[in-house]
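Presented below is the structure to which this report refers.
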Amino acid sequence: MRNLILFILLALGTLNAIAQEAETTTKVKISTDKVRIDGKQYYIHIVQQGETLFSISKAYNVSQIEIAMENPDIYLGLQVDQALKIPVKGQEVMPGDEDENYIYHVVRRRETLMSLTRKYDVKLHEIYAANPGMEEDINVNQVVLIPKKRISTIGQIDKDSDRFIYHEVKPREGFFSLRRQYGVSEEVIRKFNPELGEDGLKLGTILRIPKDPSDTSPLPEPKHHETVVVIDEMAEYEAPATVTPTVVCDTFQYNRWRDVYNVALLLPFTQMADIQPSDTLNGDLGGSLTEQVRSSGRERISPQTANFLNFYQGVLIALDTLKDMGISINLHVYDTERSADKARQLTLEKGMQNAHLIIGPAYTECLQPIAEFALEHRIPIVSPLSRNNYLLERNPYLFQANPSFMTQLQEFVNIIDFCGGQNIVLVHEADTTNRAMIESFKDMITQRIGSCPSSRLIHFKEVSYRPGSPAPDVQERISHSLALDRENLILVPTNNEAFVSDLLGNLQALSTIYKYPISTYGFPSWQRFRNVQVDYFYQLQLHLFTPFFVSYSDPHVKSFITKYRDAFRAEPTQYAYQGYDVMLYFLTAMKNYGIDFQFCISNHKQNLLQSKFNFNQQNSLTGFENSAVHMIHYTKNYEIVSAEETNKKLQVISPIRYINEPETNRKEAVIQY
């Protein structure tokens, strides 16, 4: 890296030397804004028209090589409005050196005073009091003083120094980092700090940390001169009544020179016992993925690992698209090895610590520690493949791209038009083991019908029978619930192939012989059935819901396939499409709304290849789950079309076997189709 910078500086230096002879040195206004980063002070200099690296280095009395080392992006050339970190000369750098009273925050694009209050857990009036004359609208690169909580006294703190370490909570610090630093669990910390409430750690709070993690002795009764007190010095100050900060989603202006996004991608590349460590794909793979795969031998890679490689290859194609869009990205790729311990170790990596976005891991056991880390450091994290949504609780930074089955089912019910006067019939097995799911499905339908203007006129019936019953009996039983003068919507909530085959045969007879108008609605697993006559799907106008659907007539899909074939000499799989979609969606969201894009995610629309994303929160404390699904329709013209785009002829990607199916014991978090 240093050699690269030296080479760049030689080129820039030649141009600067010529410029020095031909023109008077441009007057550079020295910035007065200082910030402290990792214990070192910097000026923040905004490049103005006509300024060069030479003129800036002379103005600040800092060598060009020092400026280049602190700002690697200058190899693209200086740009007007580019923010440079200029080291302050003559300072003594001390590890952990911080201002005693304030945190110096440099405002980034899309940041507001409200976002700063959330980031540092301070009140708005505290920021106003620490920055007299500050307006509600703050400017990019403005330095905002964030007040720390004041400690009035710790009294005779040395009395218990043999038992406790007294720790002041720093910004973005949580129980996870404390456990890593002191080896003490959250439960132990709460035991010795009973004043902590449900909201958890607060900036500036003084914690008692037992030196012995196994210490279980009761906390001694505090005396008045031993109590650790945290005082809010500005508690009596009231913010002006006219200040009502809000999140505005249309003011962010992306600058590729200043807004370089760090993305961490975590996937389990190592899964086969017979793959040697030299074959392990980890670290920053860059463009050497294809070579590594070819040298190790594709036949030595397990199917699961191949899926994740396909996902990663889709990400690489997305990076190429994002580059053409002018988005600057640093991608750091890590191998989680499907190990929770390995995932925890990765949180110490610099690429993770500085990440603006985390994508992955794939497995739930690895996702949990990374999600905790992301919550603690307020980093948005995307679960790209798993359908388990329990981690969304109390983690507003977690995004689940693959909706859970019940979420898909609810969206399926929302898409169906129940208010058009059709005859609605629910058909299921009489001795089904999925009674709970069927009851939930019925409740969804009932609520949906209840929202219709003329809900009392809508007919909703239920039929159940055992598969294998005589066909005449089954047809007579079902016909009692059908109507000849209106369309019959037959809803079949099952994954049982034998039952579906039996039912569709009987419905085909009722439709053909007795001319009942029938449309059937089923589950995505039906596409994998091998013992059901496909002709039934078309004749009975089958509708299926699925989170993934590819239109091969789409020019974007055609372009992706061409690029993928050229790069990897293979056909893209479902995982490759998903890798592309996830990367493209979230990076374009960051381009539009900045690093706090989650507050504006409901406004973000992006055309994707196979997915649709519509993220929702149950409340402000929970994560975001995608609720969007595709509805595909088998027509009597033997076409497979999207219900949203009935005028287009679409193809469905070949179904694949996926994990978490009832008949498998594997627990891998892979795409649900």
Side-chain angles (χ1 to χ4, degrees), residues 172-190 198-201 213 263-271 282 304-305 307-308 311-312 332-349 351-353 355-407 578 582 586 598 615 617-626 658-660 665-672:
R172 300 179 69 178
E173 192 170 48
F175 291 109
F176 181 80
S177 61
L178 293 175
R179 179 177 60 193
R180 190 171 59 212
Q181 183 175 355
Y182 297 109
V184 178
S185 66
E186 177 181 346
E187 291 73 20
V188 173
I189 293 175
R190 287 187 178 276
E198 293 184 359
D199 295 335
L201 301 179
V263 181
L265 176 64
L266 297 92
L267 292 172
F269 293 110
T270 306
Q271 291 195 4
N282 56 16
Q304 293 83 5
T305 303
N307 289 335
F308 298 122
F311 183 93
Y312 175 57
H332 303 271
V333 184
Y334 300 101
D335 181 9
T336 60
E337 301 177 4
R338 197 182 176 183
S339 166
D341 292 337
K342 176 66 174 180
R344 292 189 183 93
Q345 293 175 14
L346 292 176
T347 60
L348 303 176
E349 295 288 338
M352 291 286 291
Q353 296 285 338
H356 297 113
L357 176 69
I358 299 173
I359 299 177
Y363 296 109
T364 303
E365 59 265 32
C366 298
L367 178 62
Q368 184 165 357
I370 300 298
E372 293 175 359
F373 167 82
L375 174 61
E376 179 181 342
H377 291 80
R378 298 178 171 89
I379 303 172
I381 176 174
V382 182
S383 173
L385 302 173
S386 175
R387 292 191 304 145
N388 297 323
N389 60 359
Y390 74 92
L391 291 177
L392 295 176
E393 185 177 356
R394 299 188 66 82
N395 190 340
Y397 294 91
L398 178 59
F399 290 80
Q400 181 171 311
N402 193 5
S404 66
F405 180 76
M406 293 307 294
T407 299
Q578 185 73 349
V582 168
F586 284 97
Q598 66 267 29
F615 289 98
Q617 286 178 292
Q618 290 186 359
N619 57 65
S620 61
L621 296 178
T622 63
F624 296 79
E625 182 179 9
N626 179 29
Y658 58 91
I659 310 306
N660 289 333
N665 294 323
R666 294 177 292 180
K667 296 171 60 180
E668 297 147 30
V670 190
I671 292 180
Q672 165 77 34

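Here Glu372 pairs with Arg179 under the salt bridge (Lys or Arg N to Asp or Glu O under 4.0 Å) rule; sequence neighbours left out. Among residues two or more places apart in sequence or in another chain, the side chain to side chain contact (heavy atoms under 4.5 Å, CB included) test is passed with Gln617 by Pro396, Thr622, Phe624. For Phe373, the ring-ring contact (aromatic ring centres under 6.0 Å, His included) partners are His377, not counting sequence neighbours. Take Ser339 and apply the side chain to side chain donor-acceptor pair (under 3.5 Å) test, not counting sequence neighbours, and it matches no residue. The side chain to side chain contact (heavy atoms under 4.5 Å, CB included) test applied to Ala264 returns Leu266, Tyr334, Met352, Ala355, Ile358, not counting sequence neighbours. Scored by the side chain to side chain donor-acceptor pair (under 3.5 Å) test, Glu186 finds Arg190 as partners (sequence neighbours excluded). By the ring-ring contact (aromatic ring centres under 6.0 Å, His included) test, Tyr182 is found to be paired with His167, residues two or more places apart in sequence or in another chain being considered.
The structure places SG of Cys366 at 9.5 Å from CG of Asp341, a figure rounded to the nearest 0.5 Å. Taken to the nearest 0.5 Å, the CG atom of Leu357 stands 10.0 Å off from the CD atom of Gln598. Expressed to the nearest 0.5 Å, how far CG of Leu392 lies from CG of Leu621 amounts to 13.0 Å. Separating the CG atom in Asp335 from the CG atom in Leu265 is a distance of 10.5 Å, to the nearest 0.5 Å. Of the inter-residue distances, the one linking Asn402 atom CG with Thr407 atom OG1 reads 10.0 Å to the nearest 0.5 angstrom. Separation of atoms CG (Asn389) and CG (Leu398) is listed at 10.0 Å; rounding is to 0.5 Å.
Between Glu393 and Gln618 the shortest side-chain heavy-atom distance does not fall below 4.5 Å.
Pairing each heavy atom of Pro384 with each of Val582, the nearest pair is CB-CG2, 4.2 Å. Here the closest non-hydrogen pair linking Thr364 and Ser386 is OG1-OG, 3.7 Å. For the residue pair Ala401 and Val382, the shortest heavy atom distance occurs at CB-CG1, 4.4 Å. Closest non-hydrogen pair, Phe308 versus Tyr363, comes out as CE1-OH, 3.5 Å. Across all non-hydrogen atoms, the minimal contact from Pro369 to Ala343 is CG-CB, 4.1 Å. Closest non-hydrogen pair, Ile189 versus Phe175, comes out as CG2-CE2, 3.9 Å.
Other residues, nucleotides and ligands contribute over 12 non-hydrogen atoms within 6.0 Å of the CD atom of Gln181.
No donor-acceptor pair under 3.5 Å is formed between the side chain of Glu625 and the backbone N or O of Phe399. Under a 3.5 Å cut-off, the side chain of Asn395 and the backbone N or O of Leu375 do not form any donor-acceptor pair. No donor-acceptor distance shorter than 3.5 angstrom exists from the side chain of Gln400 to the backbone of Asn626, with no hydrogens or angles considered.
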Take Phe311 and Leu385 through the test side chain to side chain contact (heavy atoms under 4.5 Å, CB included) and record every step on the way to the result.
-> CA-CA 10 Å; Phe311 183 93; Leu385 302 173; 4.1 Å; yes
Go through the steps for Ile359 and Phe586 under the test side chain to side chain contact (heavy atoms under 4.5 Å, CB included), then give the verdict. CA-CA 10 Å; Ile359 299 177; Phe586 284 97; 5.7 Å; no
* Tyr390 and Gln368: side chain to side chain contact (heavy atoms under 4.5 Å, CB included), yes or no, with the steps? -> CA-CA 10 Å; Tyr390 74 92; Gln368 184 165 357; 3.8 Å; yes
